[in-house]
Number of protein chains: 2
Amino acid sequence: MGLEMIRVMVADDHQLFADGLSQALDSLPDTRVVGVVNSGPDLQEALETQPAEVSIVDIEMPGGDGIDSISVLGRRSRAIVVSMHADDEQRKRAAKAGARGFFSKGVPLLTLAAAVRAVADGRNLLEMDDEERDHVLESYREAELDPGAASLTAREREILQLLALGVSATDELADRLYISQKTVKNHLASIFQKLAVSDRTQAAIEAIRLGIAKPG
Amino acid sequence: MGLEMIRVMVADDHQLFADGLSQALDSLPDTRVVGVVNSGPDLQEALETQPAEVSIVDIEMPGGDGIDSISVLGRRSRAIVVSMHADDEQRKRAAKAGARGFFSKGVPLLTLAAAVRAVADGRNLLEMDDEERDHVLESYREAELDPGAASLTAREREILQLLALGVSATDELADRLYISQKTVKNHLASIFQKLAVSDRTQAAIEAIRLGIAKPG
DNA sequence: TTTCGTTTGAGCCTGACGACCTATCACTGA
DNA sequence: TCAGTGATAGGTCGTCAGGCTCAAACGAAA
């Protein structure tokens with residue numbers, strides 16, 4: 001099932017924050033946290049064995065400033081710096097050290113996710129003025145979908161959402177949508193083809209995995 | 001589909017932290033974040049319209065100390081206080097204000113989840129010494145499963161995991177498990193009964209929802 | 001030792017599913 | 001105005017899924 005994830009490394013000494021962020025990014029269809037470290041030196045070491053397109057680095061970490069560690073990352077991984085107290089001073093230092101993005105921890109998750117996509121795509125958010133950055137982030141707000149999933153029609157998505165909620169029988173789907181069972185089966189056949197699956201069980205799983213629908 | 005979740009309210013002014021924690025707790029089978037607020041006064045207001053068994057409150061919030069807001073919660077919700085810089089001073093103040101738990105943000109997510117379960121169950125973690133608290137948290141480490149899901153056998157779980165990975169056809173399941181197709185169908189019938197579902201699509205979704213298996 | 005739950009296997013039968021094809025109507029963009 | 005696409009609906013056909021019942025072998029627990 002094609003779909004190359006953006007691999008993300010998280011460096012933060014607050015375990016709870018790192019765990020939460022990991023879980024959140026993993027739940028998005030196009031990002032995957034491949035490692036969590038608690039200090040700057042650990043970040044470099046982790047990246048040697050586990051490559052990651054983007055690293056999210058807390059500026060406040062014990063054992064050396066987070067900024068120091070990103071300046072030596074080089075081409076291995078592109079850094080987005082997050083900070084508890086975002087001020088212009090820190091922002092400038094982050095930019096100088098080669099970071100591609102800078103955010104306070106007050107930023108919404110989906111904005112950070114957009115930044116991860118933008119940075120993975122080669123954009124440098126720190127070289128933009130506020131207006132341009134907002135515009136770029138807006139354009140990366142929506143997750144890249146599978147080539148197949150992207151071509152799903154509105155009705156097909158609707159059926160997938162019901163499927164992921166457990167409405168699996170043809171007659172129930174027809175009742176919920178006020179259409180005939182024949183039409184439901186036609187839509188399903190189209191979905192199977194687009195998602196490259198062969199039955200409604202696999203379709204439901206794919207829908208959940210791609211973030212089109214949520215279980216329960 | 002039975003399974004009463006522990007409803008959790010998150011109060012933290014750092015949006016990224018709150019979003020991440022919400023996503024993480026929601027991904028567990030027995031906890032659900034029903035609301036996120038960014039200040040103490042908002043917490044009380046939110047709890048009036050949306051009840052929650054447990055509230056996770058950051059001690060450092062603008063517009064009044066987080067401690068102040070939990071002292072007026074009363075019976076509405078039990079508070080677990082989290083702090084950036086956990087010291088004994090804060091811990092004592094939290095206990096005095098009626099909090100049931102106190103953690104630094106350096107705590108692992110699964111420990112906090114265990115604390116949420118313990119507190120929801122009526123335990124007061126702040127009235128215990130370190131040894132007792134560790135022991136209690138250990139006992140709440142594993143999520144409570146559905147009465148149905150709990151009675152699943154090892155083989156049934158194995159089939160559910162394959163199902164959630166997209167191995168949905170009877171013959172493929174039989175091949176993977178080196179058993180006959182008849183046996184696969186027998187196991188599936190047993191799973192359907194225990195999970196109170198009627199086909200493998202619903203079973204796969206339930207498995208994902210209950211945390212027995214992960215999609216993709 | 002005996003009983004119970006787990007795992008394995010089977011037969012039978014009905015209804016549902018999925019593959020393939022055609023067709024109408026509405027809307028949209030060229 | 002006309003082609004293309006999406007949503008609707010129908011038909012047929014072969015296979016598979018799910019409900020029901022039964023049973024043997026095994027290990028663990030009582």
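To find a chain, count down the sequence lines: A is the first, B the second, and so on, and within it residues start at 1. Because the structure is predicted, anything quoted here is derived from the model rather than measured.
- For B/His187, the listed nucleotide lying nearest its side chain is C/dT7; candidates were C/dT7, D/dA17, D/dT8.
- Note: CG (B/Leu188) to P (C/dT7) measures 13 Å, nearest angstrom.
- Of all nucleotides listed (C/dG9, D/dA9, C/dT7), C/dT7 comes nearest to the side chain of B/Ala154.
- Using a 4.0 Å heavy-atom cutoff across all strands shown, B/Thr183 reaches at least one base atom of the nucleic acid.
- Rounded to an integer number of Å, the gap from CD of A/Gln193 to C1' of D/dG6 is 15 Å.
- Residue A/Ser190 places no side-chain N or O under 4.0 Å from the OP1 or OP2 atom of D/dG6.
- No donor-acceptor contact under 3.5 angstrom links the side chains of B/Ser168 and A/Thr201, judged on distance only.
- Using modelled atom types and a 3.5 Å distance limit, the side chains of A/Thr170 and A/Arg200 yield a donor-acceptor pair.
- Considering CD of A/Glu138 and OG1 of A/Thr111, their distance stands at 8.5 Å, rounded to 0.5 Å.
- Taking the side chain of B/Lys182 as heavy atoms from C-beta on, and the options C/dG11, C/dT6, D/dG18, the nearest nucleotide is C/dG11.
- Atom CG of B/Asp171 is separated from atom C1' of D/dC16 by 9 Å (rounded to the nearest Å).
- One interatomic measurement links the two molecules: CD of A/Gln181 to P of D/dT8, which rounds to 14 Å at whole-angstrom precision.
- Set against D/dG18, C/dT8, C/dA19, the side chain of B/Arg155 has C/dT8 as its closest nucleotide.
- Across all strands shown, A/Thr170 has heavy atoms under 4.0 Å from sugar-phosphate atoms exclusively, and none from any base.
- Heavy atoms of A/Asn186 sit under 4.0 angstrom from at least one base atom.
- Spacing between atom CZ of B/Arg200 and atom C1' of C/dA16 amounts to 12 Å, rounded to whole angstrom units.
- Nucleotide C/dG18 holds its C1' atom 12 Å from the CD atom of A/Gln202, rounded to whole Å.
- Checked options A/Leu125, A/Leu126, A/Asp130, A/Asn124; the residue passing with A/Met128 is A/Leu125 (criterion: side-chain contact (heavy atoms from CB on, under 4.5 Å)).
- Distance CG (A/Leu173) to P (D/dT8): 12 Å, rounded to an integer number of Å.
- When distances are taken from the side chain of B/Phe192 to each of D/dG19, C/dA10, D/dA17, the shortest belongs to D/dG19.
- Put simply, CD1 on B/Ile179 is 14 Å from C1' on C/dA10, counting in whole angstrom units.
- Remark: side-chain polar atoms of A/Arg7 are not paired, donor with acceptor, to backbone N or O of A/Glu53 under 3.5 angstrom.
- In terms of position along DNA chain C, the nucleotide closest to B/Glu156 lies nearer the 5' end than the nucleotide closest to the other residue of the pair B/Glu156 and A/Ser198.
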